[in-house]
Every structure is written in structure tokens, then in C-alpha cells.
Amino acid sequence: MNGEKIFNSIKNIEIIIKKHKDEIEKLDQEIGDGDHIFNILRGLQEILNLEEELIAKSPDLIFKQLGMKIMTTVGGSSGALFATLLIGMSKKYNSELSDLNNLSLMFFEGVESMKKRGKADIGEKTMLDVLIPVSSTLKNLKNEEDISKVAEEIIFVAKEGVISTKDIIATKGRASFLGERAKGHIDPGARSSQLAIEAICNQFINN
Ligand code: ADP
Ligand code: MG
């Protein structure tokens with residue numbers, strides 16, 4: 001893994017998020033306060049500004065700096081939580097491991113840090129309903145040689161995660177104030193996380 005791969009992924013994430021801007025905005029208007037898309041786009045812009053400064057650095061340092069930038073510039077719960085994910089990931093980088101092994105270890109750590117920070121787990125109608133299953137899948141498939149197969153499986157699992165948020169109540173975040181009224185609505189953070197994951201995975205699928 002290198003800086004170029006990381007920044008290419010961020011650019012692809014920005015493209016897919018912008019494409020679904022109105023949809024994500026609407027989801028947070030329905031069960032939150034409507035600022036989720038703004039927070040995500042702000043974060044992406046802020047970290048893309050660091051490309052020149054960081055592209056040649058090692059992945060652990062890049063993830064740490066990206067996390068710190070998001071922590072200090074992006075509002076909302078999602079700002080602090082995505083920052084925590086990236087900083088958590090930076091702690092487990094190991095240059096001795098192959099990309100997939102490394103990535104699974106890093107992502108697992110990032111998601112665990114996010115769970116602790118937000119005191120949340122699977123089934124609470126948040127982005128963790130996408131990130132936890134993706135992390136488990138990545139762990140299970142870390143030795144798989146066919147990367148495109150892993151990418152396809154992860155895209156599938158992430159989409160299932162988004163759907164799983166629809167018919168449950170929220171027990172964390174703003175949507176929890178709505179009680180039963182949150183049912184029938186997809187969680188905005190789950191959808192934006194899934195799109196980001198899809199953008200990254202698409203880079204590994206041979207068409
Ligand atoms: P805010 O809720 O502060 O307005 P955003 O709108 O940017 O922040 O982000 C909302 C998203 O944050 C939700 O859709 C949900 O996925 C996620 N979220 C909220 N609280 C938590 C938590 N404790 N753990 C994980 N994700 C959370
Ligand atoms: Mg919001």
C-alpha cells in the first residue's frame with residue numbers, strides 16, 4: 001500500500017458521494033438534522049488538500065494525519081467517528097504484511113476504535129451496521145488470493161448492511177430521538193460508508 005493508492009481511493013470516494021449527494025442529504029433530513037452530506041464533503045475536501053504534503057509518506061502516517069485533519073475540521077458525530085476510524089487504522093500498519101492482511105488488521109482496529117468512541121455496536125442503526133460486517137468479511141478473506149472476489153463480496157456485504165438499518169429503531173445518534181418513527185428509513189451514515197467502500201472495492205474488480 002502506498003500514498004498514491006490511498007489518495008486515488010479518496011478521489012473515487014468523492015466522485016461516488018457527489019453522485020449520491022441529494023440522496024444522502026435527504027436521508028439525514030428524514031432521521032437526523034440534514035448536515036451529513038455537508039460533513040462528508042467537507043472532510044473529503046480537507047483531506048484531499050493534504051495530497052501533495054502526504055503522498056510520499058508511509059500509510060500509517062498518512063492515515064493518522066488524515067484522521068487528525070478530519071477531527072479538527074469536520075463537525076457532527078460522523079466527523080469525530082471517521083477521524084477515530086482513521087487514527088485507529090494508523091496504529092496497526094505493518095509493512096511486513098501483504099496489502100490484504102495489513103488492510104484487514106488496520107480496518108479491524110479502526111472499527112474497534114470507532115465502536116469504543118461512540119459506545120455503539122452492530123444493530124443500532126448507524127454506519128457500524130456496514131463497517132462491522134465489512135471488517136469481519138475482510139478478516140475472514142484476508143488470505144484469499146483473488147482480490148477481485150474479495151472486493152465483490154465486500155460490496156455485497158456492505159449493501160446488506162445498509163438495508164439492515166431500514167426497519168430497525170436507532171439506539172445511538174440523533175435518529176434515536178425518533179423512536180419507532182425512525183423505522184422505514186435508511187441510516188445516512190450507513191449509506192455514505194457503503195458508497196465509500198464500494199468506490200474503493202471497484203478499483204480492485206477486473207471488468
Ligand atoms: P450528526 O448526527 O451529529 O448530525 P452526521 O449527520 O454527520 O452527524 O452523521 C450522522 C451519522 O453518524 C448517522 O447516520 C450514524 O450513521 C452515525 N452515528 C451517529 N452516532 C453514532 C455512534 N455512536 N456510532 C457510530 N455511528 C454513529
Ligand atoms: Mg446530521
Side-chain angles (χ1 to χ4, degrees), residues 10 13-14 16-48 63 66-89 106-138 154-155 157-200:
I10 301 169
I13 292 173
E14 190 183 42
I16 204 166
I17 294 288
K18 281 188 171 163
K19 219 161 146 185
H20 295 84
K21 184 174 175 286
D22 294 345
E23 180 201 338
I24 297 169
E25 180 161 35
K26 187 162 172 272
L27 293 177
D28 197 35
Q29 282 166 349
E30 283 166 353
I31 58 167
D33 57 356
D35 65 346
H36 185 61
I37 186 67
F38 174 83
N39 293 334
I40 296 287
L41 289 174
R42 171 91 202 272
L44 287 165
Q45 191 53 60
E46 289 287 348
I47 58 178
L48 281 171
F63 284 120
L66 298 182
M68 284 174 24
K69 190 68 180 176
I70 292 177
M71 191 69 89
T72 52
T73 55
V74 182
S77 4
S78 65
L81 291 163
F82 281 125
T84 304
L85 177 88
L86 290 167
I87 294 168
M89 283 177 72
M106 290 168 76
F107 196 69
F108 183 81
E109 186 68 20
V111 173
E112 286 303 305
S113 307
M114 185 191 271
K115 283 163 70 176
K116 275 191 212 124
R117 168 91 195 212
K119 298 186 177 61
D121 212 323
I122 199 159
E124 302 206 69
K125 202 179 182 92
T126 73
M127 51 191 162
L128 285 169
D129 292 344
V130 168
L131 300 175
I132 292 173
V134 165
S135 171
S136 313
T137 306
L138 206 50
I154 287 178
I155 289 178
V157 163
K159 283 182 181 161
E160 293 273 299
V162 173
I163 296 166
S164 78
T165 68
K166 189 168 179 187
D167 290 318
I168 56 177
I169 59 158
T171 37
K172 290 286 165 0
R174 288 179 196 280
S176 63
F177 308 144
L178 296 177
E180 291 287 325
R181 278 179 294 142
K183 279 193 182 168
H185 300 278
I186 279 171
D187 175 63
R191 178 64 167 145
S192 62
S193 304
Q194 176 261 316
L195 287 167
I197 284 161
E198 186 175 334
I200 298 169

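Computed from heavy atoms alone, side chains included, the values below leave out hydrogens, waters and symmetry copies. In each ligand, atom 1 is the first atom listed, and ligand 1 is the first ligand listed.
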task: Let me know which of Asn39, Ile37, Asp28, Ile17 forms a side chain to side chain contact (heavy atoms under 4.5 Å, CB included) with Ser192.
output: Ile17
- prompt: Salt bridge or not for Glu23 and Lys26, using N-O below 4.0 Å?
  reply: no
message: Donor-acceptor pair, distance only, cut-off 3.5 Å: does the side chain of Ser193 make one with the backbone of Met127?
response: no
- prompt: Side chains of Ile200 and Ile154: does their closest heavy-atom pair fall under 4.5 Å?
  reply: no
- request: May I ask you to say whether Glu46 pairs ionically with Arg42, meaning some side-chain N is under 4.0 Å from a carboxylate O?
  value: yes
- prompt: Looking only at atom types and distance, does a side-chain atom of Thr165 sit under 3.5 Å from a main-chain N or O of Gly161, one as donor and one as acceptor?
  reply: no
message: Counting C-beta onward and ignoring hydrogens, is there a side-chain heavy-atom pair between Lys116 and Thr84 closer than 4.5 Å?
response: no
field: From Ile186, Asp167, Ile31, Ile169, residue fulfilling side chain to side chain contact (heavy atoms under 4.5 Å, CB included) relative to Lys125
entry: Ile31
- prompt: If you leave out waters, which protein N, O or S atoms are less than 2.8 Å from the Mg ion (ligand 2)?
  reply: Asp28 OD2, Asp33 OD1, Asp35 OD1
- request: Search all heavy atoms of Ser176 against all heavy atoms of Thr171 and return the closest pair with its distance.
  value: CB-C, 3.8 Å
I'd like the atom pairs linking ligand 1 to the protein - N or O on both sides, separation under 3.5 Å - with distances to 0.1 Å.
{"residue": "ligand 1", "atom": "2 (O)", "partner": "Ser77", "partner atom": "OG", "Å": "3.1"}
{"residue": "ligand 1", "atom": "2 (O)", "partner": "Arg174", "partner atom": "NE", "Å": "3.4"}
{"residue": "ligand 1", "atom": "3 (O)", "partner": "Ser77", "partner atom": "N", "Å": "2.8"}
{"residue": "ligand 1", "atom": "3 (O)", "partner": "Ser77", "partner atom": "OG", "Å": "2.8"}
{"residue": "ligand 1", "atom": "4 (O)", "partner": "Asp33", "partner atom": "OD1", "Å": "3.0"}
{"residue": "ligand 1", "atom": "4 (O)", "partner": "Asp33", "partner atom": "OD2", "Å": "3.2"}
{"residue": "ligand 1", "atom": "4 (O)", "partner": "Asp35", "partner atom": "OD1", "Å": "3.0"}
{"residue": "ligand 1", "atom": "4 (O)", "partner": "Arg174", "partner atom": "NE", "Å": "2.9"}
{"residue": "ligand 1", "atom": "6 (O)", "partner": "Asp28", "partner atom": "OD2", "Å": "3.2"}
{"residue": "ligand 1", "atom": "6 (O)", "partner": "Asp35", "partner atom": "OD1", "Å": "3.0"}
{"residue": "ligand 1", "atom": "7 (O)", "partner": "His36", "partner atom": "ND1", "Å": "3.1"}
{"residue": "ligand 1", "atom": "7 (O)", "partner": "Asn39", "partner atom": "ND2", "Å": "2.8"}
{"residue": "ligand 1", "atom": "7 (O)", "partner": "Ser78", "partner atom": "OG", "Å": "2.5"}
{"residue": "ligand 1", "atom": "8 (O)", "partner": "Ser77", "partner atom": "N", "Å": "3.1"}
{"residue": "ligand 1", "atom": "8 (O)", "partner": "Ser77", "partner atom": "OG", "Å": "3.3"}
{"residue": "ligand 1", "atom": "9 (O)", "partner": "His36", "partner atom": "ND1", "Å": "3.2"}
{"residue": "ligand 1", "atom": "14 (O)", "partner": "Asp187", "partner atom": "OD1", "Å": "2.6"}
{"residue": "ligand 1", "atom": "14 (O)", "partner": "Asp187", "partner atom": "OD2", "Å": "3.2"}
{"residue": "ligand 1", "atom": "14 (O)", "partner": "Gly189", "partner atom": "N", "Å": "3.0"}
{"residue": "ligand 1", "atom": "16 (O)", "partner": "Met127", "partner atom": "N", "Å": "2.9"}
{"residue": "ligand 1", "atom": "16 (O)", "partner": "Asp187", "partner atom": "OD1", "Å": "3.4"}
{"residue": "ligand 1", "atom": "16 (O)", "partner": "Asp187", "partner atom": "OD2", "Å": "2.5"}
{"residue": "ligand 1", "atom": "23 (N)", "partner": "Gly118", "partner atom": "O", "Å": "3.0"}

